[in-house]
Amino acid sequence: MSAPTRSDAAARVADLLADLLPGGRIGSVVAGEVLAGTGDALALVNPADGGVLAHFADAGPSVVEAAMAAAREGQRAWGAMSAAARGRAMWAVAALVRRHAEALAELETLSAGKPIRDTRGEVAKVAEMFEYYAGWCDKLHGEVIPVPTSHLNYTRHEPYGTVVQITPWNAPIFTAGWQIAPAICAGNAVVLKPSELTPLTSLALGVLCAKAEGMPRGLVSVLAGAGPTTGAAAVAHADTRLVVFVGSAEAGAQIAAAAARNIVPSVLELGGKSANIVFADADLGRALLGAQAAIFGGAGQSCVAGSRLLVHRSVHADFVARLAHAAGRIPVGAPTNPATQIGPINNRRQRDKIAGMVEAAAAAGARIAAGGACPDALRETGGFYYGPTIVDGVGPEADIAREEVFGPVLTVLPFDDEDEAVALANATPYGLAGGVWTGDIGRGHRVAAAVRAGTFWVNGYKTINVASPFGGFGRSGFGRSSGREALMAYTQTKSVWVETAAHPAVAFGYVG
Ligand code: NAD
C-alpha cells in the first residue's frame, strides 16, 4: 500500500472528524460541545508526508474558564450519583470507545503517524482502562483505625475536585484514557490538555465521555491548545486542585513549579534512558527480538524505550551484528499500512533532533552499525521518517548514551560482570524502566532489585497493564499511574473521629 497523498489524508481526517466531533469542527470539547479557540492558529501536520491536515485556534483563557465552570458542575453531579451508577457510566464510555474503535485508531494513525497495528491496540487499551476503573468505583473505601481513645476513627478517600492533565504526542488517546479513567473513578472532574501536535483523538474521547449514558456532560473537558498559553492557564487556574503531567522533564519542572505556586500537588510522568541488559546465559534469540521491540516499537517515541542496550562482552559483537541485520529488515513505512512496524517520527522538530544527536555521536567517533538516516525508499515521501539505528563503540559518558533521544536509536554498551551491568544501568539521573535477559532466575531477581527504576522486566520488555502501577524514580518523575496506586494519587485522605464514649473525658475548657 502506498502512502496516501496529502489531500487524501486531510480529506479522510475531515471525514473521521465529521463522525467523531460535533459539526466536525476542531476546537475544545467542553460539556460535549466544541468551543472555538480565541488564540493563534495552530497547524496539524501529517507526519507521513509533511502536509497540513487541518488548522485550529489555540483555546485561550475564555475557553479554559468555560471548561473549569463545566468541571465544577460536572463534579457536583458526579458526586451526587451512587458509586455503582458511576461505575455503570464508566462502562458506557468503554462501550462507546469500542464502538468507535476503528475510526479512533485510523484518526490516531493519520494525525500522529503511529502504525495502525499499534493504534488499534492502544484504542482497545483505552476501553480496558475505563472498564478496569468502572469496577473500582464501588470498591474505593477507607479503613477503620484502632485508635487508643474512645473514638471510632475511619478514613475516606476523597477526590481533589478539578484535575488538570497535560499529555504529550507519542501515544495521545492511550495517555488520555490512562489518566482520565482513574481520575473520574476517584470522583474528580478532568480538564485535559493534550499536545497541540496531536489533539484529535483526545478531543474525540472527550465527546464520548460526554455522550456516554450516565456521565455528567461537564465531567471531562478537553482543551485544544498550546502548552505555554492554554496549558499554563489551566495549571494556574484557581479551581485546579491537582496537576498530572506526562511529558518531558523540562516542561514537567515548569509545570510542577507553576502548580506549587498555586499550592497544588502534581504527579510527573517524565522521560527515561532505560537499560535493557543481556547476559550471555540468556535465550539470545528471544533477547534479540526483545531488544528490537524495546527500542524500535513506536519508532522509539516511548518513555520506557530500552534505549541503552547493555550486552555481556562475550556476546557483544555477535549480538550487535544480528541486531544490525534485523534493523535493516524491520518494515518501515506508511503508518496506514498494516504491515508497517516503524512509522514516521511524529514531527519535523523531533526528527531533526534525532538526526542531530546521531550525527553528533558519529562525529565524536561512534560506529553507526545500522540506520542513521531516512531509509532511501521513503526520502521522496516528505514524511519524517528515520530508520532503526544502532550506535556502537561509545562509552557510557557519551551524550548519546546519557540523553533521551526519543526516537529509534539504540546505544549499545558492553559489560564484563553483573556488578558492572547494574552500575551502568544506574549511571543515569532517570529511573523509568529497565529489563534483564538471563537464564539464571536468581540473577533476574537480583538485578530487578538493584536497578533504580519504576518498572522492570525479567526476560521481557514493555509489557504494561492498567492494573499494575507505573511511574518514575529520579528524573523520570514522581507519583504513580495505573492500578490501585493511581486511585491513591487521585484522592486525598480524610480522617474522621467519632466520639463513642457515653461520658467523654473533657480534657479542656469550662462548662457553665
Ligand atoms: P513536552 O513536555 O514538550 O509536552 C508535553 C505537554 O506539555 C504538551 O501537551 C505541551 O503542550 C505541554 N506543555 C509544554 N510546556 C507547557 C507549559 N509551560 N505549561 C503547560 N503545558 C505545557 O513533551 P513532548 O515532546 O510532547 O513528549 C515527549 C516527552 O514525553 C518525552 O520526554 C517522553 O519521555 C515523555 N513521556 C513520558 C511518559 C511517561 O509516562 N513517563 C509517557 C510519554 C511520554
Side-chain angles (χ1 to χ4, degrees), residues 28 39-40 42 58-59 64 112 114 122 164-179 191-199 202-203 222-237 240 243-262 264 266-274 295 297-307 345-354 357 403-407 428-433 453-455 462 464 466 469-482 486 489:
S28 300
D40 292 345
L42 300 168
D58 191 0
V64 172
K114 296 202 82 162
E122 290 179 8
V164 167
Q165 300 173 340
I166 298 190
T167 55
W169 43 257
N170 62 319
I173 194 170
F174 176 92
T175 312
W178 186 47
Q179 295 302 338
V191 175
L192 170 82
K193 208 294 288 169
S195 169
E196 55 274 39
L197 300 175
T198 54
S202 301
L203 296 170
V222 182
L223 300 171
T229 49
T230 297
V235 171
H237 196 278
T240 299
V243 173
V244 176
F245 172 78
V246 184
S248 64
E250 296 68 29
Q254 284 178 27
I255 287 166
R261 280 195 292 277
N262 209 5
V264 162
S266 52
V267 170
L268 299 184
E269 295 282 3
L270 309 177
K273 189 73 184 174
S274 301
I295 183 61
Q301 301 164 109
S302 162
C303 52
V304 295
S307 53
I345 303 305
N346 174 270
N347 57 82
R348 187 186 304 277
R349 193 163 150 245
Q350 182 64 19
R351 195 275 313 274
D352 292 349
K353 178 184 166 199
I354 295 166
M357 289 179 80
E403 290 170 13
E404 186 184 45
V405 180
F406 216 59
T428 165
Y430 291 109
L432 194 59
T455 298
K462 255 195 168 179
I464 55 170
V466 62
F470 181 91
F473 286 19
R475 199 175 157 80
S476 292
F478 46 77
R480 289 294 174 270
S481 299
S482 299

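Order of listing sets the numbers, starting from 1, for every ligand and every atom in it.
No side-chain heavy atom of Val405 sits under 4.5 Å from any side-chain heavy atom of Ser307. Using a 4.5 Å heavy-atom cutoff, the side chains of Ile166 and Ile255 are in contact. In this structure, the side chains of Trp178 and Ser482 come closer than 4.5 Å at one or more pairs of heavy atoms. Residues Val246 and Gln179 meet the side-chain proximity criterion, which asks for heavy atoms closer than 4.5 Å. Two residues are said to be in side-chain contact when any heavy atoms from C-beta on lie closer than 4.5 Å; Val64 and Thr230 meet this criterion.
Proximity of Ser195 to ligand 1 is established by a heavy-atom distance of less than 4.0 Å. Heavy-atom separations between Val235 and ligand 1 are all 4.0 Å or longer. Under a 4.0 angstrom heavy-atom cut-off, Tyr430 registers as lying outside contact with ligand 1.
Distance alone, capped at 3.5 Å, is enough to place a donor-acceptor pair between the Ser274 side chain and the Ala433 backbone. In this structure, the side chain of Asn262 engages the main chain of His237 through a donor-acceptor pair within 3.5 Å. Side chain of Ser476 to backbone of Leu270: no donor-acceptor contact under 3.5 angstrom is found.
When hydrogens are left out, the protein atom nearest atom 33 (C) of ligand 1 is Phe406 CE1, 3.2 Å; that is the closest non-hydrogen contact. Considering only non-hydrogen protein atoms, atom 36 (N) of ligand 1 sits nearest to Cys303 CB, 3.7 Å. Scanning the protein for heavy atoms near atom 32 (O) of ligand 1, the closest one is Glu404 OE1, 2.8 Å. The protein atom (non-hydrogen) at minimum distance from atom 8 (C) of ligand 1 is Thr167 O, 3.4 Å. Atom 41 (N) of ligand 1 has as its closest protein heavy atom Leu270 O, 2.5 Å. In terms of protein heavy atoms, atom 27 (O) of ligand 1 is closest to Pro168 CB, 3.2 Å. Among all non-hydrogen protein atoms, the one lying nearest atom 23 (O) of ligand 1 is Ser248 N, 3.5 Å. At the top of the distance list for atom 44 (C) of ligand 1, counting protein heavy atoms only, stands Asn170 OD1, 3.5 Å.
Residue Trp178 has no N or O atom closer than 3.5 Å to an N or O atom of ligand 1. When only interatomic distances are considered, the shortest N/O to N/O separation between Gly227 and ligand 1 falls below 3.5 Å. Backbone and side-chain nitrogen or oxygen atoms of Val246 are examined, and none is located within less than 3.5 angstrom of a nitrogen or oxygen of ligand 1. Looking at ligand 1, you'll find an N or O of Glu196 within less than 3.5 Å of one of its N or O atoms. The shortest N or O to N or O distance between Lys193 and ligand 1 is below 3.5 Å.
The line from CG of Leu223 to CD of Gln165 is 11.0 Å long, rounded to the nearest 0.5 Å. In this structure, Leu197 CG and Arg348 CZ are separated by 12.5 Å, a value rounded to the nearest 0.5 Å. Here Ile295 contributes atom CD1 and Lys462 contributes atom NZ; the two are 8.0 Å apart, rounded to the nearest 0.5 Å.
The ligand atoms of ligand 1 that sit less than 4.0 angstrom from a heavy atom of Gly231 are 20 (C). Close approach to Gly271 involves these atoms of ligand 1, each under 4.0 Å from a residue heavy atom: 34 (O). Per-residue contacts place Ala251 under 4.0 angstrom from the following atoms of ligand 1 (heavy atoms of the residue considered): 2 (O), 14 (C), 15 (N). For ligand 1, the atoms sitting less than 4.0 Å from at least one non-hydrogen atom of Gln254 are 18 (N), numbered in the order shown with element in parentheses. Shown in contact with Phe470 at under 4.0 Å from a heavy atom are these atoms of ligand 1, numbered in order with element: 40 (O). For ligand 1, the atoms closer than 4.0 angstrom to any heavy atom of Ile255 are 16 (C), 17 (C), 19 (N), 20 (C), 21 (N), 22 (C). The atoms of ligand 1 that sit less than 4.0 Å from any heavy atom of Ile166 are 6 (C), 7 (O), 9 (O), 12 (C), 20 (C), 21 (N).
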Verdict with reasoning, Cys303 to Phe470, per side chain to side chain contact (heavy atoms under 4.5 Å, CB included):
CA-CA 11 Å; Cys303 52; Phe470 181 91; 4.2 Å; yes
Side chain to side chain contact (heavy atoms under 4.5 Å, CB included) between Asn170 and Asn346: does it pass, once the steps are laid out?
CA-CA 7 Å; Asn170 62 319; Asn346 174 270; over 6 Å; no
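Contact annotation: for Pro194 versus ligand 1, heavy atoms closer than 4.0 Å belong to the backbone alone. Within the 4.0 Å heavy-atom criterion, neither part of Leu197 lies near ligand 1. Counting heavy atoms closer than 4.0 Å to ligand 1, residue Glu269 contributes atoms from both its backbone and its side chain.
The nearest protein heavy atom to atom 4 (O) of ligand 1 is not closer than 4.0 Å.
The minimum heavy-atom distance between Asp58 and Gly225, with the atom names listed, is OD1-CA, 3.1 Å. Summarising the geometry of Pro168 relative to Thr175, their closest heavy-atom pair is CD-CG2, 4.2 Å, with the distance given to 0.1 Å.
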